[in-house]
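Below is one structure, written out as structure tokens; comments come after it.
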Amino acid sequence: MNAIWALLLKDLKVFFRDRRALLMAFAAPILLGAFMGFLFNGKDHEASKIPVLLVDQDQSPLSIKLAVGLGSDKALELRPSEAAVVRQEIRKGRAVAALLLPKGFGDSATRNFFQSGTKPTLILLVDPSRATEATMLRGLLAQHTMEVVSAEVFGGPSGLSMLKENAEAADQNPNINPAARKALKDLYGNVATLNETGATKGNGAPGMKLPYELKEEEVTAKVGVRYNGYAHSFAGMGVQFILFMGIEGGMALLVLRRSALWKRLRTAPIGRHSILVARILSSAVIAAVLMLGIFAVARMVFGVRIQGSFPGFLLITAAFALFTGAFGLLIAALGRTPEATRGLAILATLVMVMLGGAWVPAFVFPPWLQKFTLVFPTRWALDGLDAMTWRGLGFQASLAPAAVLIGFALVLGVVAWARFPFEENS
Amino acid sequence: MLDVLKIEKAFGTRKAVDGLSLQLRPGEILGLLGPNGAGKTTTVAMIAGLLIPDAGEVRIQGRKIQGDQDPLKRQLGLVPQDMALYEDLTAEENLTLFGALYGLGGKDLEAAKVRVLESVGLHDRRKDSVATYSGGMKRRLNLAVALLHDPALLILDEPTVGVDPQSRNAIFETLEALRAAGKALLYTTHYMEEAERLCDRIVIMDSGRMLAEDTLGGLLTRLPVANVLCVDFDSELTLSAFDGLETEACVSSLTFTRGRLRVGLQDLCLDVPRVLQKLADRGLRWSHLECERSSLENVFLALTGRSLRDA
């Protein structure tokens, strides 16, 4: 049994014998991964509806139809309200937005369907912290408004009256040339005929509709395999807490470096490389065991599967584990005191995991940030794990992330080796 | 076995060891005695190869240690001042680990483990986690680990700090057995009693320098006073009550503090009756008498002007 093997075995015994620490090392990433997976798990749970307040000051048939249309939308939770209270409700976070339909909205909207007169002004009050939902609401509002207004024009009594008025107005407008006047009058006349005869009624409700049916399909590992949000969240939390374990490994070496045990190790006829290599390897083995354990729980409890290459998954796990070992060694090499070093190392780790996409996937970052975060090994680890799990890519897709992680491990290991204070200094 | 030649070591502007030389032979215990901060631990670190001397050199069995993996390091066993054990492991696992680091394995390692565990009286507790041991047991295991690879030179850096009397005696017996087996032991301590009991020769250090090196007897002969007669008085007296006594031929020194008269004498048999007669002649009645043998404490006091315990 050589020195490296003996030291490695010792580190593993010490780690796995501390049951409380072991439980935390497994439990923390699993609990957080489960929670974040639940939040980001797409269709596994019903998406939250956007709470919107509606103040209908018009109370016209058209405004009532618009309210019904918006209320039936699956993305919205529409609640009638009063103008006096909506601002306060938004401030309190009870609603994302409030829509105020002014008096005369129905009449004015119908009138302005074909001509550019004075349009009615709808007021949309929004919570600035919910910009994404507000944008979605604008789109839905446009869709439902167009539907009810066009339905009124093509099939409603006020629409018919508006068409007749428009035809008369076109007749009396001296600024329209005769050919355009005729075309306009024909258009109004034809639409009025449709309105009066109810010709469109046989084909469903009249008016404008979205001219397409949308079929949405998740592009995941294989056709029919649904996206599992837990795959990313477990990878993210696994990476984060394994790096924390790496920090603890570095701290242990830093403490060892200042202890009598270090003197005993250094007095033994073993190369200094044995001590450091054993430490990297033990951290790497522990990291790999943790990652595999975390994904085993994810598989059993949350149905996370390695949809891509399993050897690729193992390769990325091994490369990340090696990086974790080198990261811990670097901490031990550069740290002065455990107290000061721990705080700094945790901060650095949090930045790495945050920008690496462990908390939220990197694709939500702005494009420049997505490019920038490629300098972080955590980004490669997470992209690699995503590729092997829910994206279902092949072994080849694991090679680049693994190579980058191993490269980082080598650089960190060399710097740590060069900077490690082997000699006593006091 | 060990030759230390004019070694020096400074940390910044502070010189921790300044031109120290010493030799240690097989079957000998050399005591390195000095107060905290005297440079003992730095000296030990240089001998063990943990620190590189700024000047001078350390030779073990006639040559310097060359590199981390020099087989010569197998001749060296270190018992650090603080506990150098993995508390989460059992005694046996600690020994297995350190045995492996010294290239021991198989039956040799098993035999070595039994040998050292029995020598420190821990064989029955070998499967218990070190964390469950008392302080004394940990100290004994700390020693056992250093003995595992059967080194010819054993360096013990204050190995009995915080140890109960029973474990201290067990450690002493082990060390005496090692000396009898021909091992060379370098023993640093700031306990004079330990140095007096164990050491064949003693090096007294202070502020990084060697103040004296000799056997205990040799060091004591350097003192102007070999023995001290202590006389306690209950009555209120001042030093003037003893005027003229210091001029007696047999009296080497005389002090009186807090009711105790201390008289330095060369020959107890002849001089004590004379002094007591002189006191009786002055009508002085004492309440208690005792004689103190000179100790390393007196030697340190004579060499530095300070008490070893207060230094």
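- For A/F35, the CZ atom counts as loosely surrounded, since its 6.0 Å shell holds 12 or fewer non-hydrogen atoms of other residues, nucleotides or ligands.
- Between B/D88 atom CG and A/K10 atom NZ the span is 10.5 Å, to the nearest 0.5 Å.
- Annotation: maximal heavy-atom pairing with chain A below 4.5 Å, among B/I65, B/V145, B/I155, B/L72, occurs at B/V145.
- Using modelled atom types, no side-chain atom of B/D82 and backbone atom of A/A260 make a donor-acceptor pair closer than 3.5 Å.
- Residue A/L256 touches chain B through its side chain alone, counting heavy-atom pairs closer than 4.5 Å.
- Within 6.0 Å of the CD atom in B/E118, the count of heavy atoms belonging to other residues, nucleotides or ligands exceeds 12.
- Judged by distance alone, the side chain of A/R264 and the main-chain N or O of B/V79 form no donor-acceptor pair under 3.5 Å.
- Neither the backbone nor the side chain of B/D157 comes within less than 4.5 Å of any heavy atom of chain A.
- Contact count against chain A (heavy-atom pairs under 4.5 Å) is highest for B/L85 among B/D70, B/L85, B/N94.
- For the set B/K73, B/R74, B/M83, the count of heavy-atom pairs under 4.5 angstrom toward chain A peaks at B/K73.
- Heavy atoms of B/A16 lying under 4.5 Å from chain A are absent altogether.
- With sequence neighbours left out, B/D54 forms a salt bridge (Lys or Arg N to Asp or Glu O under 4.0 Å) with B/K9.
- For the residue pair B/A48 and A/T267, the shortest heavy atom distance occurs at O-CG2, 4.1 Å.
- In this structure, B/R59 places its CZ atom where more than 12 heavy-atom neighbours from other residues, nucleotides or ligands lie under 6.0 Å away.
- Looking only at heavy-atom pairs under 4.5 Å with chain A, the residue among B/L78, B/L76, B/T41 that has the most is B/L78.
- Annotation: salt bridge (Lys or Arg N to Asp or Glu O under 4.0 Å) contacts of B/D128 (sequence neighbours excluded): B/R125.
- For the pair B/Y102 and A/A268, the tightest heavy-atom approach, listed with the atom from each and the gap, is OH-CA, 3.4 Å.
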| task | I would like to know whether A/L261 and B/F98 meet side chain to side chain contact (heavy atoms under 4.5 Å, CB included); could you show each step before the answer? | result | CA-CA 11 Å; A/L261 263 167; B/F98 288 107; 3.6 Å; yes
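- Within the model, atoms CG of B/L97 and NZ of A/K13 stand 8.5 Å from one another, a figure rounded to the nearest 0.5 Å.
- Taken from CZ in A/R272 to CG in B/D68, the straight-line distance is 4.5 Å, to the nearest 0.5 Å.
- Between A/R17 and B/E93 a salt bridge is recorded (basic side-chain N to carboxylate O distance below 4.0 Å).
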